[in-house]
Amino acid sequence: MLEKAYAHQSVEEKWTSFWRASGLFHAEPGVGEKPFVVVIPPPNVTGALHVGHGLDNTLQDVFVRYQRLSGRPVCWVPGTDHGGIATQSVMERQLKAEKLNRHLLGREKFLSRMQAWTKQCKSTILGQLERLGCGLDWSRESFTMDEDRAESVHEAFKILWEKGLVYRGERMVNWCVHCGTALSDIEVEFEERKGHLWHIHYPSADGSRGAVVATTRPETMLGDTAVAVNPKDARYKGLAGKTLRLPLAGREIKVVGDEYVDSDFGTGALKVTPAHDPNDFEIAKRHGLSLVTVISPDGRMTAAAGAAYEGLSREAARDKVVEDLKSAGFLEGVKDYPHSVGVCYRCGQAIEPLVSWQWFVRMEELAKPAILAVDSGRFRLHPESWTKPYREWLSGIRDWCISRQIWWGHRIPVWYCVKCHGERIKTDFHQVADARGVLSVEGPSSCGVCGGSEFVQDPDVLDTWFSSALWPFSVFRWPGRTPELKFFYPTSLLVTGYEILHLWVARMQMMGLCLTGQVPFPDCVIHGIVRDRHGKKMSKSLGNVVDPLVMMDKYGTDALRFSLLIQAHPGRDIPFDEASITGSRNFANKLWNSTRFVLMNLPEAKAYGVASLDRGRLELCDRWILDEYRETIARARKSLDAYEPAAAADALYGFLWDKFCDWYLELAKIRLQGADEPAKDVVRGVMVEVLGGTLRLLHPFMPFITEELYAALKPFAGRQEASVVEAGLPELGSSWADENARRDMAVVMETVSALRSLRAQLNVPPGLKIRAVSAGGAAATRELLSRRADYLQTLARLSEISHSEEGIRPPQSATAVAAGMSFFVPLQGVIDFDQERVRLKKEIAKAESDVSKLSAKIENKDFLARAPQSEVESARSQYDAARERQGRLKETLLLLGS
RNA sequence: GGGCCGUUAGCUCAGCGGUAGAGCGGCCGCCUUACACGCGGUAGGUCGUAGGUUCGAAUCCUACACGGCCCACCA
């Protein structure tokens with residue numbers, strides 16, 4: 001016998017090890033039909049999983065288990081991502097705590113510490129995924145930086161190199177002075193920050209007035225090499241071509257005319273700092289201006305900034321420049337000026353645009369097939385509303401900077417001959433123009449140009465997203481023509497959050513198309529972010545982070561999963577509240593107890609179910625629940641097929657609780673507590689069928705509890721499967737649809753509700769059984785209620801119910817009106833007639849409002865003429881019912897006297 | 001500056017062309033032998049605003065307002 005309440009811990013442990021040993025989620029290439037294949041978005045090895053991972057992986061598990069349940073083999077590939085900058089930063093923080101840094105340690109030692117950390121982190125993460133119940137194919141665990149994946153990376157780089165799609169170029173890149181590396185454009189986030197706009201006077205070299213420029217970054221003036229004005233700006237007519245004297249530096253700079261300058265902004269004169277601003281860099285190219293680099297990659301001022309500033313941080317230099325300008329009389333004004341600042345997506349520090357030599361991937365050519373794929377429907381996003389932003393991003397794409405000046409990652413497989421380039425190649429790599437690299441993984445033996453034999457490898461590593469972009473095929477050991485690749489690729493579905501749509505999804509599509517000629521996955525489910533209960537993003541600094549493990553310990557994994565899933569409407573963020581987990585925990589308990597109830601009523605192990613049901617013995621509630629069950633199966637399946645698990649979860653929740661437990665089981669008790677064995681067997685058959693099927697449908701959402709309960713139920717269902725996922729999806733043919741049962745149950749339910757409401761409002765003691773006399777009504781309704789008097793008696797707690805042909809109201813009665821009938825309830829001594837009058841008046845008011853609304857509708861000529869016939873008929877019968885109800889209520893009130 | 005999404009009961013959200021729903025919270029009453037992680041009852045919305053389409057609109061269209069997000073090189 002089951003415990004009284006669901007105790008999740010032991011159940012979870014039991015089934016976790018069962019699944020691991022079962023091989024249920026393992027597929028072998030070439031065996032059977034092609035499986036449903038999903039690759040996990042590999043979590044970074046930076047620590048533990050958060051609740052966002054919980055959502056992402058639960059969703060995948062739902063789809064995977066749903067497919068498995070429907071009989072299709074599945075292969076869900078687990079793995080982790082080395083995480084580049086993010087992971088290196090974690091390690092650097094650890095080192096700092098030990099008063100160390102990576103340079104003190106050296107590349108070798110640093111990397112071996114990284115490996116150790118990664119190993120530990122991987123096992124934590126994979127363990128947590130298992131704890132979440134994820135049906136992963138553990139035999140296929142991959143890591144973006146293991147040997148097989150390294151081979152994929154090298155091959156991808158080689159193909160891109162050979163196609164001329166990867167190149168080394170001198171560009172202005174987004175530089176993070178904190179992380180010490182270049183970043184791609186999409187790794188820069190923009191934040192609105194408080195700042196100032198300074199107006200600085202640049203006098204003319206000939207002693208005339210010159211120009212005033214506006215800037216938010218005064219420290220960069222030390223690197224100015226021009227001032228630009230719009231040639232159409234009347235104020236500055238004739239200024240272009242003149243020479244100005246740069247304050248503090250004393251250098252002479254030219255004024256150039258450039259259409260880029262917006263005359264309406266600031267003073268209309270723009271200081272040009274080509275080495276530290278991307279727009280200025282472009283202006284400089286157009287006008288052949290020189291570059292003066294005043295900020296170095298470590299964020300400090302260079303010698304070129306002048307002796308007074310050299311070595312100062314950017315921030316300190318700003319203060320000093322402002323002060324110096326002020327005392328020298330060049331500062332014309334300053335005002336508060338909030339503006340957006342680009343910051344590093346990993347550390348949040350302001351990005352410094354710097355010019356250096358980096359590796360890039362030409363994107364335009366890669367994007368074209370990806371655009372085609374989404375336009376032709378070969379690649380679909382869910383919800384569909386993400387298609388447009390995705391498409392537009394692809395069509396405006398710019399080259400991707402893939403080199404990173406960190407150590408943790410795939411080293412760029414390019415080597416340089418020291419003899420050809422000189423010793424500088426070893427130390428000053430990023431400043432060496434046009435270095436000619438040789439593509440090689442292990443290093444070439446001799447230089448094709450000079451025959452030299454000393455080579456140095458490119459010191460940089462690839463952007464972590466480069467290896468991520470290959471993930472859907474690298475996990476199957478592409479470029480090897482492995483059986484796995486052949487069988488499992490392309491994959492079936494990708495599930496991920498919208499925040500990495502560009503960073504990851506788009507790049508997988510592009511790389512997949514370029515390198516394998518196929519869309520790596522035809523469907524992509526985009527989910528939202530898990531936020532705190534007020535809709536705020538979770539962050540450590542706000543202290544609103546929810547730890548999924550704590551939630552699992554406290555409420556159970558199924559409760560956590562279900563509460564996330566039932567809120568995971570397509571593409572929407574989820575406001576996470578502990579209260580919603582409580583609700584799901586309660587649901588799990590409801591499921592547990594309803595199964596317990598069913599089991600208590602199954603005396604012997606035999607194959608109960610729809611197949612062995614004597615249909616001739618079914619009564620109203622049986623036919624009704626089977627009809628509802630049939631509809632629920634259809635709705636849940638339809639929603640799951642459309643990748644909308646929340647709608648499916650909602651349908652199942654409502655069915656199990658509100659229909660099966662609150663109505664069916666209550667009515668089932670009548671026969672179960674009786675002595676008619678064949679009747680009991682009918683109920684048992686229905687209960688086992690409906691509950692068993694519901695457990696199966698719920699399994700993708702709540703895998704643990706459903707395994708446990710199904711295991712307990714299956715001896716009574718004639719089932720042998722070791723796991724519920726092998727049991728198949730429930731099905732019920734159209735012959736089980738039953739409009740009559742639906743209609744009749746509606747009458748029963750309406751009547752029961754009316755009687756219960758009457759009892760409660762008149763404070764009839766719950767334990768007291770009351771008598772009811774019905775009057776009026778259609779013959780069919782009367783017949784139904786008399787046939788199913790047992791339902792009314794049980795659910796409304798009636799001692800008896802009789803019908804008065806004459807419609808005589810017993811004295812001292814309260815009256816309920818439902819289903820076109822009156823129900824008189826004699827309540828001598830219990831009833832308070834004042835209260836009864838109030839209650840009736842309230843009901844009359846409601847009925848009157850219904851009547852007037854409906855009469856307006858059915859008297860509307862346009863409605864009658866143009867609305868579909870079925871609609872008109874339905875409105876008419878609704879009107880009749882409301883009229884009838886209104887009449888009965890009024891009559892009753894009249895009898896009571898007002 | 002573009003684009004996307006949202007605005008429905010006190011809170012969090014479903015519904016997306018036929019007289020407004022759920023969960024939580026509130027209130028009233030119940031330990032009715034599966035479940036107090038429960039049961040019954042009940043209050044509470046002119047569905048952001050203004051127009052339009054339609055016999056009929058929370059649901060479709062157009063503006064606007066207010067949130068949020070994404071993209072964009074405005075000092």
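A, B, ... follow the sequence lines: proteins, then strands. Residue 1 opens every chain.
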Next item on the list: Using a heavy-atom cut-off of under 4.0 Å over every strand shown, decide if Asn860(A) touches base, sugar-phosphate, or nothing.
Entry: sugar-phosphate
Item checked: Interface residues of residues 568-576 of chain A with RNA chain B (non-hydrogen, below 4.0 angstrom) -> His569(A), Arg572(A), Pro575(A)
Check: Is the closest basic N to carboxylate O distance between Arg876(A) and Glu873(A) below 4.0 Å?
Finding: no
Note to self: Rounding to an integer number of angstrom, what distance separates G44(B) and G21(B) when you compare their P atoms?
What the structure shows: 14 Å
Next item on the list: Calculate the interatomic distance between Lys388(A) atom NZ and C69(B) atom C1'; express it in whole Å.
Entry: 16 Å
Next item on the list: Figure out the CZ/P separation between Arg866(A) and U54(B), and round it to whole Å.
Entry: 8 Å
Checklist line | Mutual orientation of the aromatic rings belonging to Phe265(A) and Tyr337(A) [parallel < 30°, tilted 30-60°, perpendicular > 60°] | finding: perpendicular
Check: In whole angstroms, how far is the C1' atom of C24(B) from the CD1 atom of Ile581(A)?
Finding: 14 Å
Check: Are Lys846(A) and Glu843(A) close enough for a salt bridge, meaning some N to O gap below 4.0 Å?
Finding: no
Notebook entry, point to check: Between the side chains of Tyr345(A) and Glu189(A), is a donor N or O closer than 3.5 angstrom to an acceptor N or O?
Noted result: no
Notebook entry, point to check: Ion pair present between Lys638(A) and Glu644(A), side-chain N to carboxylate O less than 4.0 angstrom?
Noted result: no
Next item on the list: Send over the distance from Lys853(A) NZ to G56(B) C1', rounded to a whole Å.
Entry: 14 Å
Next item on the list: Using a 4.5 Å cut-off on heavy atoms from C-beta on, say whether the side chain of Arg507(A) contacts that of Ile186(A).
Entry: yes
Check: Name the stems with RNA chain B in them: runs of three or more consecutive Watson-Crick or G-U pairs, distances under 3.5 Å?
Finding: B:1-7 with B:65-71, B:10-13 with B:21-24, B:26-30 with B:38-42, B:48-52 with B:60-64
Check: Is Lys669(A) positioned over the aromatic face of Phe597(A), cation under 6.0 angstrom from the ring centre and no more than 45 degrees off axis?
Finding: yes
Checklist line | Parallel, tilted or perpendicular: rings of Tyr653(A) and Phe562(A) (30°, 60°) | finding: parallel
Item checked: Separation of atom CH2 in Trp592(A) from atom C1' in G38(B), rounded to whole Å -> 17 Å
